[in-house]
2 protein chains.
Amino acid sequence: MKVLLAEDDVYLGELIVHLLKKKGVEHVDWVQEGEDAYDYALASFYDVIILDWMLPNGDGVSVCQRLRKHGYHGAILMLTAKDAVQDRVEGLEAGADDYLVKPFEIDELMARLKALSRRTFAPIQEEIVRWGAFEVNRTTHTLTKNGEQMILTPREFQLLDLLLQNKGRVLTRDIILDRIWGYDADVSMKTIDATVKLLRKKIGDERQQLIKTVRGVGYTIEK
Amino acid sequence: MKVLLAEDDVYLGELIVHLLKKKGVEHVDWVQEGEDAYDYALASFYDVIILDWMLPNGDGVSVCQRLRKHGYHGAILMLTAKDAVQDRVEGLEAGADDYLVKPFEIDELMARLKALSRRTFAPIQEEIVRWGAFEVNRTTHTLTKNGEQMILTPREFQLLDLLLQNKGRVLTRDIILDRIWGYDADVSMKTIDATVKLLRKKIGDERQQLIKTVRGVGYTIEK
DNA sequence: TAACAATATGACGAATTTGTGAAAAAAGTT
DNA sequence: AACTTTTTTCACAAATTCGTCATATTGTTA
């Protein structure tokens with residue numbers, strides 16, 4: 001689970017981050033200002049955003065409103081010190097999915113986060129990289145050419161991905177071995193050549209136009 | 001908006017029904033027992049179910065649990081007289097999306113209902129999905145082929161539904177586990193394979209033409 | 001162009017992943 | 001409580017992928 005926390009109180013912020021991590025939330029981003037919350041939310045995907053009601057530089061309610069206006073569909077949980085019905089209603093009207101009144105217990109926060117992320121219908125995030133006539137899907141390990149999907153084996157995919165991420169640079173065998181098999185791997189250099197061959201065959205790269213060999217150095221995909 | 005209210009207190013029940021209608025909720029069904037709530041929920045579609053914590057003949061928490069187990073994906077709001085954190089957490093853990101502590105104001109109930117229905121309704125969800133020779137009814141959890149109805153178990157249905165909602169993409173085992181069993185579920189990955197097998201058998205997918213395996217990644221239903 | 005070094009290729013067994021059926025465990029019904 | 005259905009686990013079978021090796025091909029340099 002990936003969470004964005006917008007809380008200006010340093011003590012409370014640190015505490016929540018600490019507790020969330022302890023409870024097994026993989027990734028927690030923490031910002032202290034409303035503007036930052038807005039930017040972070042739009043810049044990457046979060047399962048839940050925890051927004052403090054009062055924030056310097058853009059309060060929680062208006063950040064929430066703007067996010068919804070912008071078409072943001074992820075779950076938003078509002079934190080508030082106020083317990084007045086009218087305020088709570090205002091937060092929900094602004095587009096928050098839930099709120100929690102301070103002070104609260106971490107167990108309740110976790111339960112609410114779980115409930116929220118469970119209900120999130122956000123589409124599965126897909127990272128797609130274009131490469132000439134190909135479309136590379138980094139989450140599903142698939143490669144599409146002219147609408148036709150081909151399936152790369154794990155090794156083939158890792159290699160292609162590595163080469164694409166370093167497009168224009170020549171990767172030495174040492175580096176490839178390190179990045180794909182790990183520095184302590186127990187495989188011979190020849191394995192790399194073999195994998196390159198399998199990948200070339202699968203993508204139809206007969207004349208080695210797509211993945212080029214740099215003799216004496218390694219392999220590369222040109223820019 | 002269509003709402004199911006499960007509340008045994010006649011006075012409160014009548015009041016809520018009256019107020020909801022006054023606030024513009026088109027359709028309100030009101031039951032007074034836990035078993036009835038369960039049956040009504042599975043029999044037709046509601047935007048939100050308002051479940052009282054204490055109900056004769058099946059309390060709110062267990063009704064909620066059973067509904068989720070059965071693959072019910074509509075929003076559930078729990079009503080409770082208790083304000084103890086542990087009780088609230090218990091309700092959320094049972095699969096409720098939200099709770100409200102009695103006594104509450106009708107404005108707050110309305111705001112929460114709106115927030116809940118907005119969240120579950122945000123993405124367009126077809127009630128009946130066509131899939132080749134099949135017709136999938138997401139409300140009644142049934143699958144029809146050539147007019148012949150087959151019965152899927154909850155798990156089988158959830159899996160099929162998940163795959164169909166993501167037609168054309170490959171779902172990794174991690175994501176499947178997350179979406180069907182929950183990210184903190186305590187089942188082995190093999191359970192997924194087993195469920196896939198049961199589903200394939202039931203829909204007559206001997207050659208794995210309908211549900212395809214993507215080795216090293218997961219499963220998919222192609223577009 | 002001969003000789004050498006680096007890379008490509010294809011085949012084969014080992015390792016990993018997925019499929020399968022049976023049986024245990026859990027949940028739901030009567 | 002007895003019974004049925006569903007879910008999960010487990011052990012083994014089948015399929016696929018991986019890594020190595022022997023050999024072929026290509027490129028470089030003297």
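These figures come from a predicted structure and were not determined experimentally. Chain letters run A, B, ... following the sequence lines, proteins first and then strands; every chain starts at 1.
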>> With side chain to side chain contact (heavy atoms under 4.5 Å, CB included) as the criterion, how do Leu143(A) and Asn137(A) come out once you've worked through the C-alpha distance, each side chain's angles and the decisive distance to 0.1 Å?
In response: CA-CA 6 Å; Leu143(A) 189 64; Asn137(A) 187 323; over 6 Å; no

> Given atom CE of Met189(B) and atom P of dC10(D), what is their separation to the nearest angstrom?
Replying inline: 15 Å

> Among all residues two or more places apart in sequence or in another chain, which pass the side chain to side chain donor-acceptor pair (under 3.5 Å) test with Arg215(B)?
Replying inline: none

> Under a 4.5 Å cut-off applied to non-hydrogen side-chain atoms, are Leu159(A) and Tyr219(A) in contact?
Replying inline: no

>> For Arg155(B), give me all partners under salt bridge (Lys or Arg N to Asp or Glu O under 4.0 Å), at least two apart in sequence or on another chain.
In response: none

> Lys197(A): what forms a side-chain contact (heavy atoms from CB on, under 4.5 Å) with it, not counting sequence neighbours?
Replying inline: Lys201(A)

> Among residues 148-168 of chain A, which contact DNA chain D at a heavy-atom distance under 4.0 Å?
Replying inline: Thr153(A), Pro154(A), Arg155(A)

> Which residues pass the side-chain contact (heavy atoms from CB on, under 4.5 Å) test with Gln209(B), sequence neighbours left out?
Replying inline: Asp205(B), Arg207(B)

>> Lys167(B): which residues meet the salt bridge (Lys or Arg N to Asp or Glu O under 4.0 Å) condition with it, sequence neighbours left out?
In response: none

>> Within the 4.5 Å heavy-atom criterion, are Leu109(A) and Leu20(A) side-chain neighbours or not?
In response: yes

>> List the residues meeting salt bridge (Lys or Arg N to Asp or Glu O under 4.0 Å) with Arg173(A), not counting sequence neighbours, and say none if there are none.
In response: Asp193(A)

>> Expressed as a whole number of angstroms, how long is the span from Ile211(B):CD1 to dT20(C):P?
In response: 12 Å

> For Lys69(B) and Arg173(A), take the nucleotide of DNA chain C holding the closest heavy atom to each; which residue's nucleotide lies nearer the 5' end?
Replying inline: Arg173(A)

> For the residue pair His141(A) and Phe157(A), does the interplanar ring angle fall in the parallel (under 30°), tilted (30 to 60°) or perpendicular (over 60°) class?
Replying inline: parallel

>> Applying salt bridge (Lys or Arg N to Asp or Glu O under 4.0 Å), can you list everything that pairs with Glu135(B), at least two apart in sequence or on another chain?
In response: Arg130(B)

>> Using a 4.0 Å cut-off on heavy atoms, which residues in residues 190-209 of chain A reach DNA chain C? List them by number, or say none.
In response: Lys190(A), Asp193(A), Lys197(A), Arg200(A), Gln208(A)

> Within the structure, does a side-chain N or O atom of Tyr219(A) lie under 4.0 Å from either OP1 or OP2 of dA8(C)?
Replying inline: yes

>> Test side chain to side chain donor-acceptor pair (under 3.5 Å) on Thr195(B) and Arg200(B); report intermediate values, then the result.
In response: CA-CA 8 Å; Thr195(B) 307; Arg200(B) 276 176 170 157; over 6 Å; no

> Which letter, B, S or -, goes with each nucleotide of nucleotides 24-30 of chain D from 5' to 3', with contact meaning a protein heavy atom under 4.0 Å?
Replying inline: --BBS--

>> On the nucleotide dT8(D), are OP1 or OP2 found under 4.0 Å from the side-chain N or O atoms that Trp181(B) carries?
In response: yes

> Can you find a side chain N or O atom of Thr213(B) that sits less than 4.0 Å from OP1 or OP2 on dG19(C)?
Replying inline: yes

>> Tell me whether the side-chain N/O atoms of Ser188(A) come closer than 4.0 Å to OP1 or OP2 in dT20(D).
In response: yes

>> Side chains of Leu77(B) and Arg112(B), heavy atoms from C-beta outward: is any pair under 4.5 Å?
In response: yes

> Does Asp161(B) have any side chain to side chain donor-acceptor pair (under 3.5 Å) partners at least two apart in sequence or in another chain, and if so, which?
Replying inline: Arg138(B)

> Between atom CG in Asp186(A) and atom C1' in dT20(D), what is the gap in whole Å?
Replying inline: 12 Å

> NZ of Lys212(A) versus C1' of dT7(C): gap in Å, rounded?
Replying inline: 16 Å

>> Tell me the bend of the helix from dT1(C)-dA30(D) to dT30(C)-dA1(D) as the angle between end helix axes, each from five pairs, rounded to the nearest 10 degrees.
In response: 30°

